[in-house]
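Quick notes on the structure that follows.
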Protein chains: 2
Amino acid sequence: MADPIGTAGETGPTAGVSRLPAHTTMAIRPFMAQTPGAALISLKPEIEDLRHRLEGKEDRSVLELKALPAGCADRRRDNACAACGARPLSVCASMDDADLARLDALAEHLTLNVGDTLIRADDPARHVFNITSGSVRVYRLLSDGRRQITGFLFAGDFLGLATGETYAFSAEAIEPVTACRFRKSEYRALIRETPALETALLERATHELAAAQNQMLLLGRKTALERVATFLLEMPSHDPARPGPQGRVHLPMTRAEIADYLGLTIETVSRVLTRLKTQGLIRLVSLTEIRIERPEALRAVADGEA
Amino acid sequence: MADPIGTAGETGPTAGVSRLPAHTTMAIRPFMAQTPGAALISLKPEIEDLRHRLEGKEDRSVLELKALPAGCADRRRDNACAACGARPLSVCASMDDADLARLDALAEHLTLNVGDTLIRADDPARHVFNITSGSVRVYRLLSDGRRQITGFLFAGDFLGLATGETYAFSAEAIEPVTACRFRKSEYRALIRETPALETALLERATHELAAAQNQMLLLGRKTALERVATFLLEMPSHDPARPGPQGRVHLPMTRAEIADYLGLTIETVSRVLTRLKTQGLIRLVSLTEIRIERPEALRAVADGEA
DNA sequence: CGCACTGTTGAGCCTAATCAAGTTGTGTGG
DNA sequence: CCACACAACTTGATTAGGCTCAACAGTGCG
């Protein structure tokens with residue numbers, strides 16, 4: 001296991017810290033596209049360097065206009081390259097340039113490889129993190145090694161907001177990750193000075209709570225078949241950087257990680273995937289790529305209507 | 001099932017709406033006592049009318065001083081009568097009298113009987129609720145009737161904060177409940193005008209997220225024995241109105257509700273309780289009252305160290 | 001090409017669910 | 001105060017879904 005980088009002022013050997021241009025610090029992704037209008041608006045793939053899009057004021061306002069669903073004037077959202085998936089940029093309606101500049105001044109930028117640790121449970125909680133690209137697993141362990149992955153985080157997600165002396169969970173990169181982090185003390189000052197950020201975080205937190213309730217329903221009451229079906233249907237909307245073609249699900253995590261997320265074993269996950277394939281609901285394009293052939297049927301299975 | 005009262009401006013036949021004296025609107029309870037210093041400070045039992053304690057400024061500052069753990073200058077907390085458990089009062093360091101008066105002016109006060117519905121899933125989400133006394137179950141259903149209770153709420157807890165057109169969960173009283181509610185639109189205005197409230201809610205939400213992660217670990221990876229043990233240990237800290245004598249757990253909910261909270265069946269819950277009793281870890285004082293005889297041993301079981 | 005790792009498939013087992021009685025507790029009315 | 005009805009709870013017997021253990025098959029890398 002790699003050294004953690006969130007425990008002290010220094011970085012572990014596997015993580016790099018660097019400064020990026022202004023206005024690339026925060027990647028605030030929208031909530032899952034529950035309401036139709038709130039879907040993520042991706043930049044056109046042919047635009048290579050996304051940063052250029054935001055340097056002129058006029059471009060940003062265009063993005064905002066496009067990304068703004070009716071009645072969501074105060075909502076934050078981001079934009080990521082659908083092709084490369086890397087380094088999404090924040091487009092934050094209520095945060096002005098001064099806000100963004102302040103954020104950037106306080107942020108450290110991190111680069112992590114697969115398996116690197118962002119946060120280790122029980123370490124002193126000194127930082128707040130924001131993922132800017134890649135995917136992260138968040139989990140808790142029992143003393144005998146049983147693991148429950150409580151969530152996968154993607155570009156735009158926050159980590160370590162909870163108050164408390166130590167982290168109650170661990171977080172590791174499952175893909176190459178870029179992130180930025182703030183010292184807790186500076187984060188608190190930031191919150192005080194940037195009400196728009198606090199509003200955004202509260203809205204985010206309440207949505208995550210709703211998602212957590214969904215996951216509790218899954219873990220407490222759904223069968224293995226229903227769990228996997230639910231997972232496949234909800235996975236794409238969790239990863240705004242890779243919306244991908246309709247019905248195509250990219251799984252950056254291993255079977256073991258899926259199992260630990262769904263409260264199952266790898267064998268059961270594998271069997272259920274095979275069963276869904278045999279029934280013609282999905283197709284296993286590759287190990288990390290699944291195609292949903294009959295979304296309605298899969299939805300019926302996921303909701304226990306089979 | 002009773003009529004829901006959160007769906008329209010009117011109240012159902014089983015719920016009463018009344019106005020209470022100023023400054024009794026919000027009951028903001030502290031987070032679970034994870035850090036030693038953050039424990040709830042109860043008023044001395046001999047004080048009958050708690051409201052008197054808060055009418056003089058000097059009394060309030062005394063309460064604040066007593067309730068304030070080191071390094072938590074901005075934290076909200078409440079105080080409830082340990083004897084009667086009813087109507088806790090808010091003591092909110094960063095909210096002044098004007099804030100509280102504004103809250104009161106906007107709140108409707110509700111009274112609910114056992115089984116009454118506060119919130120019904122899929123109804124339009126028009127209100128935000130705050131429990132001022134009693135206990136509430138929050139749950140989700142699958143179409144075939146399987147139920148997962150995602151949490152029990154007590155005095156001081158908030159409900160319905162998530163944005164969204166409709167509620168994603170149901171909430172019902174499991175004891176006589178008093179609550180107050182705000183229209184969503186007025187709640188949003190309130191948030192804008194009362195930054196202290198937003199800060200309190202964000203802190204609350206992040207703590208609830210941490211608790212939700214704990215529950216996911218329980219539902220996904222713990223055995224029936226571990227689940228029940230964990231539940232018994234965490235129950236008292238969830239109900240600040242009734243800290244009760246040390247090692248005494250009051251269970252206002254039925255076995256069916258415990259089962260639906262722990263992802264088990266009533267039979268399994270019953271069997272496990274019997275087993276814990278046989279092993280001498282707990283004693284069943286009555287159906288709703290359990291005494292923990294060997295807390296350390298129970299903790300070991302809960303953490304999977306048995 | 002070989003090795004290590006991840007994933008798939010099979011056989012048997014075990015925990016908790018299901019089905020089925022009983023028992024205790026509670027509230028109501030006589 | 002007791003008799004009764006009903007709900008909540010407990011206990012027992014049986015079943016089944018998913019886990020464990022085990023073997024094998026892809027996949028990727030040096």
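Treat the numbers as computed from the prediction; the structure is a model and nothing was measured. Lettering follows sequence order; numbering is per chain, from 1.
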With sugar-phosphate taken as primed atoms, P, OP1 and OP2 and all else as base, the protein-contact string of nucleotides 4-9 of chain D at under 4.0 Å (heavy atoms; B, S, -) is -----S
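Interface residues of residues 221-229 of chain A facing DNA chain D, ordered by number: T223(A), A224(A); criterion, heavy-atom separation under 4.0 Å.
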Taking only nitrogen or oxygen atoms into account, show me every contact under 3.5 Å that the protein makes with nucleotides 28-30 of chain D, one pair per line with its distance.
none

Between protein and nucleotides 21-23 of chain D, what N or O pairs are separated by less than 3.5 Å?
residue: dC21(D); atom: N4; partner: E267(A); partner atom: OE2; Å: 3.1

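Every residue meeting the side chain to side chain contact (heavy atoms under 4.5 Å, CB included) condition with T254(A), not counting sequence neighbours, appears here in chain and number order: A256(A), E257(A). Among residues two or more places apart in sequence or in another chain, the side chain to side chain donor-acceptor pair (under 3.5 Å) test is passed with T268(B) by T265(B). For D303(B), the salt bridge (charged side-chain N to carboxylate O under 4.0 Å, His left out) criterion is met by R299(B), not counting sequence neighbours. For V114(B), the side chain to side chain contact (heavy atoms under 4.5 Å, CB included) partners are P176(B), not counting sequence neighbours.
In this structure, the side chain of R291(B) does not engage the main chain of G247(B) through any donor-acceptor pair within 3.5 Å. At least one donor-acceptor pair closer than 3.5 Å links the side chain of R255(A) to the backbone N or O of L287(A). The backbone N or O of G304(A) lies less than 3.5 Å from no partner atom in the side chain of K222(A), so there is not a single donor-acceptor pair. Looking at S170(A), its side chain does come within 3.5 Å of a backbone N or O of A121(A) through a donor-acceptor pair. Judged by distance alone, the side chain of E172(B) and the main-chain N or O of I119(B) form no donor-acceptor pair under 3.5 Å.
Remark: the T178(B) side chain and the T132(B) side chain contain an N/O donor-acceptor pair separated by less than 3.5 Å.
To the nearest angstrom, C1' of dG17(D) lies 15 Å from CG of L264(B). Distance R146(A) CZ to dC19(D) C1': 13 Å, rounded to the nearest Å.
In the helix from dC1(C)-dG30(D) to dG30(C)-dC1(D), the terminal helix axes, each the rotation mapping four pairs' C1' atoms onto the next four within five end pairs, subtend 40°, rounded to 10°.
Atoms CZ and OG, on F152(B) and S135(B) in that order, are 9.0 Å from each other to the nearest 0.5 Å. L281(B) CG to I290(B) CD1: the interatomic distance, rounded to the nearest 0.5 Å, is 12.0 Å. Once rounded to the nearest 0.5 Å, the distance linking CG of L264(B) with CZ of R271(B) reads 11.5 Å. Here the CG atom belonging to L118(B) is positioned 5.5 Å from the CD1 atom belonging to I131(B), to the nearest 0.5 angstrom.
Identified under the salt bridge (Lys or Arg N to Asp or Glu O under 4.0 Å) test for residues 144-154 of chain A, with sequence neighbours left out: D144(A)-R146(A), R146(A)-E226(B), R147(A)-D260(A). Residue pairs that meet the side chain to side chain donor-acceptor pair (under 3.5 Å) test with at least one member in residues 272-288 of chain B, sequence neighbours left out, are R283(B)-E293(B).
In this structure, L273(A) reaches neither bases nor backbone, as no heavy-atom distance under 4.0 Å exists between it and the strands shown.
Taking the 5' to 3' direction, DNA chain C first and last meets chain B under 4.0 angstrom from a heavy atom at dA16(C) to dG25(C).
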Problem set entry | F231(A) vs Y261(A), ring pair (Phe, Tyr, Trp, His ring centres under 6.0 Å): CA-CA, chis, key distance, verdict | CA-CA 9 Å; F231(A) 173 73; Y261(A) 179 61; 5.7 Å; yes
